[in-house]
Amino acid sequence: MTITVLHSGTQTLIMDAGRPGHRHQGIPGGGAADKLSFAIANHLVGNKWDTPALECALGGLHVRFNEPYTIAISGAQMWSQNQGMNLALNKAVQVEAGDILTMSFTRAGCRSYLAIAGGIKAKPFMGSVSTYLPAKLGGLNGDPLKTGDVLKIGEAQGDVRTLPKGHIPLLSNHVVLRAAQGPEYDSLSDASKRYLFTTPFYATTATDRMGSRLKGDAVTLDTELKMTSSPLLPGSLQIPPDGQPILALADGHCTGGYARALQVIQADLWLLGQIAPGAAVSFRRSLPEEAEVILRGKNSYYADLIPEFLF
């Protein structure tokens, strides 16, 4: 049971839930950049939420199904067709042997997830098949998919499911992230503290799975810092000397030496995977006690729908 890659698009990777627990070894948790959309796609085709699937960034993926499958696409608003017929997002559909799926450009968001009943089969490294490009780990030889690659598909796991309308994530080209103060927030100038929470930044073309360089008015420090390398997490907003922030994403460095101004709350980390070059990015203040309440609410909202999934 296989599928064949006819065109790999901008970047398509094999992803699962990631390999947490190895940051002390310099290996980030990684995995699907938008874990919510990834989990939804798997849920729709009857897979466990963390079953390996394809993460397609910015479109362009074409695949041929070599046997009949049930598939689902979730995430970015990406125009997709099977045999020339439009496919709805967030809905399980049946494809036949020889059918060709094309995933075109994104209208909102950055990454779409193609889940196939049974999941993609690949060799795990440190408990995960997720592709980590900087170290060429996981996936298919640690590389993005390329034309001619043949991927093995596992046996179907469960029944096809539907998604209640209220559980479909809403995406736009203006990503709003709730964030708490970072460890070096108090070193920022008063003007920069206000600016961070009132004016949008814009993701530059220097945006990938590791991070996004944001463009806007310079964020400056009132207090000069002499930092050694300190821990970084996905969602850490760093301020380099030029004042143009860097937002750490799923495959971001485990340590860094710039001031950490903000930390995106855990409940919003899934949105980091939908930041495309050119997108507006705004931050909204979130107090620690609020972040805990938001996280419990989000986990509760999806608990009955997607077993074992947590933000």
Side-chain angles (χ1 to χ4, degrees), residues 1-6 8-9 12-20 30-56 61-75 80-83 85 87-103 111-132 137-163 167 302-310:
M1 299 173 65
T2 62
I3 64 173
T4 301
V5 178
L6 303 180
S8 58
T12 302
L13 306 172
I14 297 173
M15 285 293 162
D16 59 17
R19 47 180 67 84
D34 171 0
K35 285 187 172 62
L36 176 58
S37 296
F38 164 81
I40 286 172
N42 271 316
H43 170 78
L44 291 169
V45 299
N47 293 340
K48 289 185 61 178
W49 81 268
D50 56 355
T51 301
L54 297 185
E55 177 184 273
C56 175
L61 175 65
H62 298 181
V63 300
R64 181 176 65 238
F65 301 104
N66 298 323
E67 288 82 23
Y69 296 110
T70 302
I71 68 167
I73 300 171
S74 186
S80 301
Q81 294 184 322
N82 184 61
Q83 294 296 96
M85 300 295 290
L87 290 182
L89 292 177
N90 303 301
K91 182 179 180 181
V93 298
Q94 185 71 26
V95 296
E96 303 301 329
D99 282 2
I100 294 176
L101 169 71
T102 61
M103 299 173 69
R111 293 176 175 86
S112 287
Y113 293 88
L114 169 62
I116 301 172
I120 309 294
K121 297 179 69 174
K123 186 176 180 180
F125 177 82
M126 289 185 166
S128 170
V129 304
S130 285
T131 312
Y132 178 48
L137 302 177
L140 199 61
N141 303 315
D143 292 321
L145 297 186
K146 60 185 184 297
T147 299
D149 283 342
V150 177
L151 307 179
K152 295 181 180 180
I153 308 299
E155 296 290 337
Q157 300 174 16
D159 296 332
V160 170
R161 303 167 178 133
T162 58
L163 186 69
H167 288 75
Y302 281 92
D304 293 336
L305 180 69
I306 308 178
E308 301 181 11
F309 171 74
L310 294 173

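We number each residue from 1, following the sequence as shown. Source: prediction; values computed, not measured.
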Non-hydrogen side-chain atoms of R161 and D159 separated by less than 4.5 Å: no

So which of D50, I306, N47, I116 actually passes side chain to side chain contact (heavy atoms under 4.5 Å, CB included) with N42? N47

Heavy-atom nearest pair, S74 first then N90, reads OG-OD1, 2.7 Å

Any side-chain heavy atom of K123 sitting closer than 4.5 Å to one from F125? no

D16 backbone acceptor or donor facing S130 side chain under 3.5 Å: yes

Any chance you could lay out the side-chain contact (heavy atoms from CB on, under 4.5 Å) test for I3 and V150, step after step, and finish with the verdict? CA-CA 6 Å; I3 64 173; V150 177; over 6 Å; no

Heavy-atom closest contact (A97 atom, N66 atom, distance): CB-O, 3.8 Å

So how far is it from H43 NE2 to L305 CG, rounded to the nearest 0.5 Å? 4.0 Å

Report the distance from atom NE2 of H62 to atom OG1 of T4, rounding to the nearest 0.5 Å. 14.5 Å

Could you walk me through whether K91 and L163 pass the side-chain contact (heavy atoms from CB on, under 4.5 Å) test, one step at a time? CA-CA 7 Å; K91 182 179 180 181; L163 186 69; over 6 Å; no

Has Y113 got a side-chain atom pairing as donor or acceptor with K35's backbone, closer than 3.5 angstrom? no

CG of L54 to CZ of F38: how many Å apart, nearest 0.5 Å? 10.0 Å

Under the rule for side chain to side chain contact (heavy atoms under 4.5 Å, CB included), what residues qualify as partners of E155, not counting sequence neighbours? M1

Are any of the side-chain heavy atoms of N82 and V93 separated by less than 4.5 Å? no

Inter-residue atom distance Y132.OH - M126.CE, 0.5 Å rounding: 11.5 Å

Between Q157 and K48, is there a donor-acceptor pair closer than 3.5 Å when you use the side chain of the first and the backbone of the second? yes

Closest non-hydrogen atom pair between G139 and A122, with its separation: O-CB, 3.8 Å

Looking only at side-chain N and O atoms, does D149 offer a donor or acceptor that is under 3.5 Å from a partner on S8? no

Restricting to non-hydrogen atoms, name the atom on A53 and the atom on A115 that form the minimum distance, rounded to 0.1 Å. CB-CA, 4.1 Å

Backbone of S128 reached by a side-chain donor or acceptor of R19 within 3.5 Å: yes

From the list I71, L61, I73, side chain to side chain contact (heavy atoms under 4.5 Å, CB included) with S80 holds only for I73

Less than 4.5 Å apart, side chain to side chain, heavy atoms only: is that true for T102 and L6? no

I'd like to check L114 versus L101 (side-chain heavy atoms, cut-off strictly below 4.5 Å). Are they in contact? yes

Are side-chain heavy atoms of T131 and M15 found at a separation under 4.5 Å? yes

Using a 4.5 Å cut-off on heavy atoms from C-beta on, say whether the side chain of I40 contacts that of H167. no

Heavy-atom nearest pair, P52 first then V129, reads CG-CG2, 3.5 Å

Side-chain heavy-atom pair T12, V5 within 4.5 angstrom cut-off: no

Start with the C-alpha distance between V63 and L151, add both sets of side-chain angles, then the distance that settles side-chain contact (heavy atoms from CB on, under 4.5 Å), and finish with yes or no. CA-CA 10 Å; V63 300; L151 307 179; over 6 Å; no

Nearest 0.5 Å please: distance from the CG atom of D99 over to the CD atom of Q94. 9.0 Å

